[in-house]
2 protein chains.
Amino acid sequence: MTALTNRTRGRRAVTDHGSIERAAFRLFEAQGFDETTMEQIAESVGVGRRTLFRYFPSKNDIPWGQFDQSLRDFAEQLASVPADVPVFEAVHRCVVAFNDYDKEALAQHRIRMRLILETPTLQAHSVLRYAAWRGVIEDYVARRLDLGSESLLPRLAGHISLALAISSYEQWLLKPDSDLPGILRQELYELRSYLQ
Amino acid sequence: MTALTNRTRGRRAVTDHGSIERAAFRLFEAQGFDETTMEQIAESVGVGRRTLFRYFPSKNDIPWGQFDQSLRDFAEQLASVPADVPVFEAVHRCVVAFNDYDKEALAQHRIRMRLILETPTLQAHSVLRYAAWRGVIEDYVARRLDLGSESLLPRLAGHISLALAISSYEQWLLKPDSDLPGILRQELYELRSYLQ
DNA sequence: TATCTTTTTGGCGCTGAGTGCCATTATTCT
DNA sequence: AGAATAATGGCACTCAGCGCCAAAAAGATA
């Protein structure tokens with residue numbers, strides 16, 4: 001399905017992240033995450049168990065797929081916001097854009113996020129991914145406001161954006177036809193009135 | 001150190017949660033959390049490895065000690081706030097009270113929270129504990145505002161309080177002599193101005 | 001005192017994630 | 001053809017966690 005082109009030396013890779021991800025998701029949906037072993041995924045991909053661990057550092061990382069790449073895009077998006085947009089507004093705008101998927105991608109995204117947010121093992125592991133995401137926001141806020149790394153506000157901004165995002169995702173997963181960017185905006189509105 | 005009184009039938013317990021916790025913390029501080037095995041803790045307590053798992057469901061649960069009890073207290077505190085106090089104010093007040101320790105307890109609390117917040121393995125596991133804590137807030141907010149379980153606001157309130165709390169803990173751990181309740185209040189103030 | 005009942009203990013053996021080591025295999029370069 | 005390079009995957013290991021069960025230790029009863 002995916003081209004395994006490799007124009008350098010050495011043996012060609014037998015698989016790729018995408019193939020592993022697809023095979024794994026098939027098993028996760030059929031049997032559940034905890035009930036699926038790396039052995040089974042390896043067999044399904046047609047590869048050794050040992051090889052799987054060269055593509056993904058852990059079983060918990062498989063559902064996150066290409067998140068690192070998305071993070072780089074997120075950081076770029078932030079960097080490109082005009083300096084006259086208020087900091088909070090800039091962050092919010094990019095968070096909304098970060099979670100705006102087109103229709104086909106949306107179905108897959110829903111499956112992915114349901115798995116991540118409804119499997120306790122993955123909920124736990126996700127903190128480490130969330131930390132990286134918060135880090136992007138912290139860096140941006142600190143840069144924009146010219147604050148040091150021990151400052152309170154950038155970290156707070158990261159935590160608050162994450163709280164809004166997760167809360168929105170929970171809501172989105174509850175309602176099959178709801179619109180994620182819309183929920184994000186609504187949550188922000190609710191937060192403002194909740195705090196008076 | 002702790003009385004192992006047991007006035008019912010059967011064999012007396014050889015240990016208790018407190019003893020295990022103390023032995024474990026000694027090892028965690030000396031060697032680090034990930035480098036300490038359940039085998040070593042068992043040996044240090046003078047008990048079989050299998051027995052440890054009867055007192056704590058997992059190694060990750062040891063640093064959390066008596067958290068379940070604290071949660072019950074937290075819920076009671078919330079329930080006892082007069083109904084004329086605004087919901088958000090009530091939550092905030094109880095969160096501050098929940099994190100107000102006296103001087104001796106504070107030193108131990110600092111060690112505990114440093115371990116939990118600075119060990120990636122524990123950061124991850126903690127989500128499950130945080131979820132229970134958020135649940136208490138969700139229930140309270142939903143009850144006060146007479147909202148159903150699918151409502152947006154109670155969940156959002158839980159996430160936001162957690163974000164404020166964790167952000168405050170991070171700040172508290174950075175400054176050796178800072179005052180946790182004070183930081184919590186300051187974070188709230190900052191949040192309000194950040195959102196305009 | 002001897003036996004019964006209840007409760008905790010802890011040993012044994014298993015599964016499954018994750019890791020270090022290294023020989024094997026596939027591929028390009030000279 | 002042979003050297004260099006890179007991916008594979010088998011092997012053996014550590015450790016968390018769990019089900020099972022026999023042994024130990026205590027009070028209760030006769």
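Order of the sequence lines fixes the chain letters, A, B, ..., with proteins taken first and strands second; residue numbering starts at 1 for each chain. Keep in mind the model is a prediction, meaning the values are calculated, not measured.
- Aromatic rings of Y169(A) and W172(A) (six-membered ring for Trp) have centroids within the 6.0 Å cut-off, being under it.
- Residue pairs that meet the salt bridge (Lys or Arg N to Asp or Glu O under 4.0 Å) test with at least one member in residues 171-196 of chain A, sequence neighbours left out, are K175(A)-E150(B).
- Residue F56(B) contributes atom CZ, which lies 13 Å from atom P of dG17(D) at whole-angstrom precision.
- Listed candidates were dT25(C), dA26(D), dG16(C). Nearest to the side chain of T37(A) is dG16(C).
- Distances were taken from every side-chain heavy atom of R11(A) (C-beta onward) to each of dT6(C), dT24(C), dG18(C); the shortest belongs to dT24(C).
- Going from atom CZ of F53(A) over to atom P of dT14(D) covers 17 Å, rounded to whole Å.
- One atom, CD1 of I20(A), and another, C1' of dA7(D), lie 12 Å apart when rounded to the nearest Å.
- Distance F33(A) CZ to dG16(C) C1': 12 Å, rounded to the nearest Å.
- Rounding to whole angstrom units, CZ of residue R9(B) and C1' of dC4(C) are separated by 8 Å.
- More than 12 heavy atoms of other residues, nucleotides or ligands lie within 6.0 Å of CD in E89(A), so this atom counts as buried by the packing criterion.
- Proximity note for R12(B) (side chain, C-beta onward) versus dA25(D), dG27(D), dG18(C): the nearest is dG27(D).
- When the nearest nucleotides of DNA chain C are assigned to R50(A) and Y55(B) by heavy-atom distance, the more 5′-ward of the two goes with Y55(B).
- Residue side chain R54(A) reaches the base of dG9(D) through a donor-acceptor N/O pair under 3.5 Å, judged by distance alone.
- Summarising the local packing, CG of D146(B) is surrounded by 12 or fewer heavy atoms from other residues, nucleotides or ligands at distances under 6.0 Å.
- Between I41(A) atom CD1 and dG16(C) atom P there is a gap of 12 Å when expressed in whole angstrom units.
- Atom-to-atom, CG of N60(B) to C1' of dC15(D) comes out at 13 Å; the value is rounded to the nearest Å.
- At the heavy-atom level, T121(A) lies nowhere under 4.0 Å from the strands shown.
- Base contact: T51(A) has a heavy atom under 4.0 Å from a base atom.
- In this structure, F98(A) and F74(A) have tilted ring planes: the angle between them lies in the 30° to 60° band.
- Summary of the strand contacts: R49(B) and G48(A) both lie near DNA chain D, and taking for each the nucleotide with the nearest heavy atom, the more 5' one is attributed to G48(A).
- In this entry the distance linking CG of L52(B) with C1' of dT8(C) reads 14 Å, nearest Å.
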